Structures are given as structure tokens and as C-alpha cells.
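Notes to accompany the following structure.
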Amino acid sequence: MKIPPVKGTRDFYPPDMAIRNWIIDGWKKVSLRNGFEEYDGPIFEYLQMYQIKSGDEIIEQLFSFKDRGDRDLALRPEITPTLARMVNQKISSLPLPIKWFSVPRLFRAERPQKGRLREFFQWNVDIIGVEGALADAEVIFCALDYLREVGLTPRDIVVKISSRKLLASILEKMGIADKRLESLYPVLDKKDKAPEGEFKQMLNKKVADAKIADKIQEFMEIKVISDIKKIIEPDDKINEAIDKIAVLFDWLKRMGVVEYCQFDPGIVRGLAYYTDIVYEIYDKRGELRAIGGGGRYDDLLKQFGGPEVPATGFGMGDCVLGLMLEERGLLKPKPTGTDYFIACVEPEQTLQDAVKIVAELRTKGYSADFSYKSASLSRQLKQASAQNAKKCIILGDELKNNELVVKDMTTSKQKRIKIDAFFAELNPPKAD
RNA sequence: GUGAAAGUAGCUCAGUUGGAUAGAGCAUCGGAUUGUGGUUCCGAGGGUCGCGGGUUCGAAUCCCGUCUUUCACCCCA
């Protein structure tokens with residue numbers, strides 16, 4: 001019986017694996033040069049851990065199961081709760097600030113669609129223990145440092161930035177009760193995601209006073225921070241939030257990435273735990289969902305039973321990013337290739353010598369391969385080409401004089417050399 | 001969970017109004033080439049037409065169900 005792959009999963013054949021590794025290696029490299037250390041946690045956690053933050057609806061969106069001790073567990077749909085748990089566990093002994101990153105494999109039991117699968121990888125970068133906007137700027141820079149390196153320019157992508165504090169203080173000034181904010185965020189988050197008329201309808205449903213609803217929409221459509229004044233008279237709280245955004249943009253400017261960034265009060269993020277700066281990174285062509293996003297979550301550690309410690313971070317999945325890079329021809333996985341391919345003129349007679357040489361080359365750190373088939377030299381060279389071999393070693397009659405032929409596959413030049421001399425001249429391979 | 005479209009070889013796709021052993025290109029394997037690769041030429045293997053049922057003398061083709069994929073919604077950490 002043929003068993004199909006599970007819905008929403010991917011098989012990584014070698015060419016796909018090369019792409020996946022290229023993406024993840026890039027993430028890791030950039031994280032490290034931005035001063036972040038890698039961590040990871042278990043791939044499953046107590047189901048309850050994901051309920052704390054997000055409530056019961058979330059349970060339907062994740063893969064959960066009972067272990068033999070009747071514990072309710074779940075495959076991790078995100079790693080931030082694990083991060084919060086790990087940090088809380090050692091908070092008194094960890095030097096602050098904590099700058100950690102991870103590339104967890106995550107699972108969500110949603111219906112797959114474009115840029116969204118049930119199993120994927122997500123780059124997470126977090127700074128814990130820094131209150132100021134410099135930390136948010138550094139995290140955003142880190143994301144842009146990567147995206148810029150793979151070839152995306154300010155013409156391709158934009159980081160849309162807003163602030164939950166700004167939104168909250170403005171809504172408050174408009175007369176929306178504090179309690180209602182949390183249920184309002186998911187609706188406001190839809191501003192640019194739902195069709196225009198539909199958003200208006202949703203908003204009116206949530207905010208009965210049509211005048212206020214109009215004002216909210218008006219605010220969410222402004223393009224520059226200074227326009228806030230035109231909508232509402234700023235109070236101290238509003239000014240404080242505006243100042244923080246200004247500080248953030250100032251840092252981003254100093255870091256040389258401000259051309260990528262744009263204030264956009266339409267960015268809210270659906271999640272309840274964001275407390276201040278929030279942002280999402282978009283493809284400017286607008287076809288795809290957000291490439292990534294993040295923000296400040298100053299209350300989360302406390303919610304997980306720890307002390308009150310400020311924190312900020314972002315996440316970027318591999319699905320949307322992969323689609324986008326593919327569309328633009330920016331996927332450049334490392335080409336595979338063998339350093340040496342050992343070919344035999346008379347395989348029946350010299351295979352033993354070939355394998356010995358292969359083993360010796362491998363021991364010295366080179367990749368080396370040979371053909372299992374007793375095929376013609378022509379065919380073996382064909383295989384060498386197919387494997388992208390840099391050099392071929394040909395074993396023929398010269399072997400009687402302890403000589404072999406080294407053929408450079410790019411220049412087609414070849415030379416005879418004593419086996420001893422060949423190995424004596426061999427330098428250790430260059431590290432990548 | 002809701003709605004829509006699609007499913008023919010490993011991949012991309014042909015396949016007439018329902019008609020005979022279901023085709024092509026690419027890929028794979030073998031040969032042309034007994035000491036020289038990437039090109040070329042020749043040949044071969046590979047399909048329960050997603051699966052199950054129905055209509056019909058006859059189904060890849062029409063109908064129903066189901067699975068999968070894609071797209072949109074819900075949700076988006």
C-alpha cells in the first residue's frame with residue numbers, strides 16, 4: 001500500500017534540502033554577527049503552555065496528544081512560550097540583556113494555503129531585559145541585515161511599524177474603554193488584510209458610534225506620525241508613544257536601514273501579548289502575506305510566572321520567504337560537488353587501488369567518490385561531470401609505475417604524477 | 001471548520017462528440033565510444049488516467065462519493 005505524505009508537510013529531496021539549509025544557514029550567520037546566541041527547546045511542551053497566552057481557540061490550531069502518563073502535550077506552534085519558560089527558569093543567573101535566536105521547526109494544524117504549511121521553520125530573534133527602542137531597532141536591523149544580504153532592497157520589501165501603546169492611548173482618548181481594546185485589536189489588524197468594505201463593516205460592528213469608527217479608520221490610514229495631530233489632540237500618553245516611535249526611527253536611521261521602514265498605524269498584529277512597538281515585513285508587490293513580524297512583549301515573562309522583564313523580538317517563517325526569494329531568483333543554494341572523482345580504466349583490476357585512494361583523500365578532508373559500476377572510463381567521467389567533480393583521478397596503465405593521472409574538470413588539463421608525490425603535494429582543503 | 005477549482009509517466013503537459021494496445025518533451029537507465037566528461041544520436045523501462053462506486057455495449061472523458069493539491073475564508077503565534 002502506498003502511503004502519501006501527510007497534508008501540509010514537505011519532503012526535502014537533496015535540492016530542496018540545499019535550499020532549506022541555505023536559508024537557515026543565512027539566518028544563523030546573520031544572527032551570530034548581530035550578537036545573538038542560539039538556543040533551542042523541546043519540540044513538544046505541555047498543552048497548557050499555549051493556552052496561557054492565547055486561550056482555548058488556539059488548541060484547535062495545534063497538534064496535541066496525550067502521552068502514556070495521560071499528560072496533555074502539544075507540538076510547539078511557536079517558540080516564544082518555550083523561550084519565556086527557559087528564561088524564567090534561569091532568570092536570576094542569566095546575565096542581562098539576553099540576546100538569543102533560534103530556528104525551531106514548528107507545527108500548526110491549520111489548513112495549508114499559499115505560504116502556510118502545517119510544518120515549517122521559523123527564525124526567531126529576541127532581546128530580553130532592554131526597555132528602550134534601541135533593542136527593537138537592533139532586532140529589526142537583524143531581520144533587515146539578512147533580507148538585505150540575500151538581495152532584497154527597499155524597493156522589494158517594507159517594514160511597517162506601529163505601536164500598540166500609541167493605538168491604545170489614541171483609542172482611549174477617543175473614548176474606547178481599556179477593557180475593550182484586546183477584543184478590538186484583532187479587528188483593527190484586518191485593516192489592510194480584509195477587503196476595504198468588509199473592514200469597515202467589522203469595525204462598525206465593534207464600535208457602535210459611527211463617528212468614532214470613522215476616526216479610528218482615519219487614524220489608521222495616516223502616513224506620517226505628525227498627522228496624528230490632525231485627527232486628535234495628543235495627550236501625554238500619546239506623546240510618549242509618539243516619542244518612542246521617533247526614537248526607534250532615529251536608531252534605524254543611524255543603522256542605515258530606515259529606507260526599509262515606514263510608520264503604518266494599520267499594523268496591529270492579532271496576538272494579545274504585544275505591548276508596544278509592533279511591525280510586519282511585507283513584500284512590496286503585495287501578493288504574499290507578511291514575511292515576518294514582531295514587536296515588544298513586556299508582560300509575557302510575568303504571565304509565565306516570572307518577574308517583570310521587558311522583551312522584544314521577531315519571527316520569520318521559511319515558507320513565505322522561500323516563495324518570495326524564488327519569485328525573484330534570489331535562491332542561491334551552495335552548489336554541490338565532489339573534490340575528487342576516481343575513475344578506473346580497468347575497474348576489475350584497479351577498483352581496490354581506487355577505493356584506497358578515495359579513503360585516503362576522505363581521511364585528509366577532501367570529498368572523494370568513485371563508481372560502483374564496472375563501467376567504461378567515458379561513462380565514469382560522465383558520472384564525475386554529473387556529480388560536479390572538480391578533479392578526476394584516472395587510474396590506468398601508469399599505476400604500474402605508481403603513477404596516476406589528475407584531470408582538472410574545468411580546464412580539461414591533466415598531468416601524470418607519482419602517487420606519493422600527489423599526496424605529498426596535497427594541501428589541507430580550504431575551509432568554507 | 002466553510003467555500004471554489006484542479007488531479008493523465010518522477011516532472012511539465014497532449015489526449016477530438018464517450019470508441020480499439022493512453023502519447024510527447026524533460027528526467028532516469030542502457031548503447032553508439034575497449035584511455036577521456038558536459039554536446040549529439042539510437043534504444044529501453046516507467047501509467048489501475050488519485051481512489052471507490054454509478055451510467056453505458058464501451059469511461060482518462062459523463063454522474064456521485066472520497067482523498068490530495070491549489071486558492072479564498074476562519075485564524076495567523
Side-chain angles (χ1 to χ4, degrees), chain A residues 1-11 13 15 49-62 74 76-84 104 106-118 120 122 124 185-187 189-190 193-195 198 202 268-274 278 280 287-290 292-295 297 300 313-317 319-320 323 338 341 343-348 350 371 373-399 404-414 416:
Chain A
M1 192 169 75
K2 239 188 204 169
I3 298 173
V6 175
K7 184 201 268 277
T9 63
R10 286 172 290 179
D11 293 328
Y13 290 90
M49 185 144 111
Y50 304 108
Q51 290 170 289
I52 290 180
K53 200 179 82 176
S54 321
D56 288 343
E57 313 92 62
I58 222 74
I59 295 180
E60 290 170 18
Q61 312 259 32
L62 44 79
R76 61 186 181 190
E78 57 171 329
I79 203 169
T80 312
T82 301
L83 173 67
L106 304 179
F107 308 86
R108 294 178 189 172
E110 299 168 300
R111 192 168 249 196
Q113 53 185 281
K114 190 165 195 175
R116 194 156 76 170
L117 297 168
R118 291 184 164 187
F120 57 96
Q122 190 185 63
N124 281 256
Y185 288 146
V187 174
D189 183 55
K190 292 286 176 291
K193 293 168 185 165
E198 214 168 288
M202 286 160 67
V268 180
R269 313 260 308 139
L271 204 61
Y273 68 65
Y274 288 108
V278 284
E280 285 175 353
E287 300 291 309
L288 300 167
R289 61 183 63 241
Y297 51 98
L300 191 66
F314 85 89
M316 179 187 299
C319 301
V320 175
L323 285 171
T338 315
F341 190 97
C344 302
V345 176
E346 301 287 351
E348 291 83 2
T350 55
S371 178
K373 286 175 235 164
S374 183
S376 67
L377 181 63
S378 158
R379 197 149 280 280
Q380 289 177 69
L381 289 172
K382 206 173 180 138
Q383 189 184 335
S385 278
Q387 289 186 15
N388 228 332
K390 294 191 193 84
K391 287 178 178 176
C392 269
I393 290 175
I394 297 167
L395 303 182
D397 284 341
E398 308 88 342
L399 208 56
L404 42 75
V405 172
V406 180
K407 181 184 173 86
D408 188 304
M409 295 299 275
T410 42
T411 63
S412 290
K413 282 186 183 150
Q414 55 186 61
R416 286 172 71 144

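This is a predicted model, so every value here is computed, not measured. A note on names: the letters A, B, ... follow the listed sequences, proteins ahead of strands, and every chain is numbered from 1.
Where A:Asp408 and A:Ser376 each meet RNA chain B at their nearest nucleotide, the meeting point lying more 5' is that of A:Ser376. The 5' end of RNA chain B is approached more closely, in terms of each residue's nearest nucleotide, by A:Thr410 than by the other of A:Thr410 and A:Leu323.
For the C1' atoms, the distance linking B:G46 with B:U28 amounts to 9 Å, nearest Å. For the P atoms, the distance linking B:C49 with B:A44 amounts to 23 Å, nearest Å. To the nearest whole angstrom, the two P atoms, one in B:A9 and one in B:A5, are 23 Å apart.
Look at NZ on A:Lys407: it is 5 Å from C1' on B:U36, rounded to the nearest Å. Rounded to whole Å, atom C1' of B:U34 lies 12 Å from atom CG of A:Asp397. We find that CD1 of A:Ile394 is positioned 9 Å from P of B:U36, with the value rounded to whole Å. At whole-Å resolution of the value, CZ in A:Phe120 and P in B:A77 are 11 Å apart. Whole-Å rounding puts the A:Phe341 CZ to B:U36 C1' distance at 13 Å. Remark: P of B:C75 and CG of A:Asp189 are 10 Å apart, rounded to the nearest angstrom. Per the geometry, CZ belonging to A:Arg111 stands 10 Å off C1' belonging to B:C73, to the nearest Å.
For B:C75, neither phosphate oxygen OP1 nor OP2 lies less than 4.0 angstrom from any side-chain nitrogen or oxygen of A:Gln61. Under 4.0 angstrom from either OP1 or OP2 of B:A77 there lies at least one side-chain N or O belonging to A:Arg269. For the pair A:Lys114 and B:U70, the criterion of a side-chain N or O lying under 4.0 Å from OP1 or OP2 is not met. Side-chain nitrogen and oxygen atoms of A:Lys382 include none within less than 4.0 Å of the OP1 or OP2 phosphate oxygen of B:U39.
The two residues A:Val320 and A:Gly115 have their closest heavy-atom pair at CG2-O, 3.5 Å. The two residues A:Arg118 and A:Pro112 make their nearest non-hydrogen contact at NE-CD, 4.0 Å. Contact detail for A:Ala290 and A:Glu280: the closest heavy-atom pair is CB-CB, 4.4 Å.
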Pull out every protein N or O sitting under 3.5 Å from an N or O of nucleotides 48-52 of chain B, one pair per line with the distance.
none

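Evaluation of atom-type donor-acceptor distances gives no pair under 3.5 Å for the side chain of A:Gln380 against the base of B:U36. The base of B:G1 has none of its N or O atoms less than 3.5 Å from a complementary donor or acceptor on the side chain of A:Glu110.
In this structure, CD in A:Gln61 is found 9.0 Å from CZ in A:Arg108, a value given to the nearest 0.5 Å.
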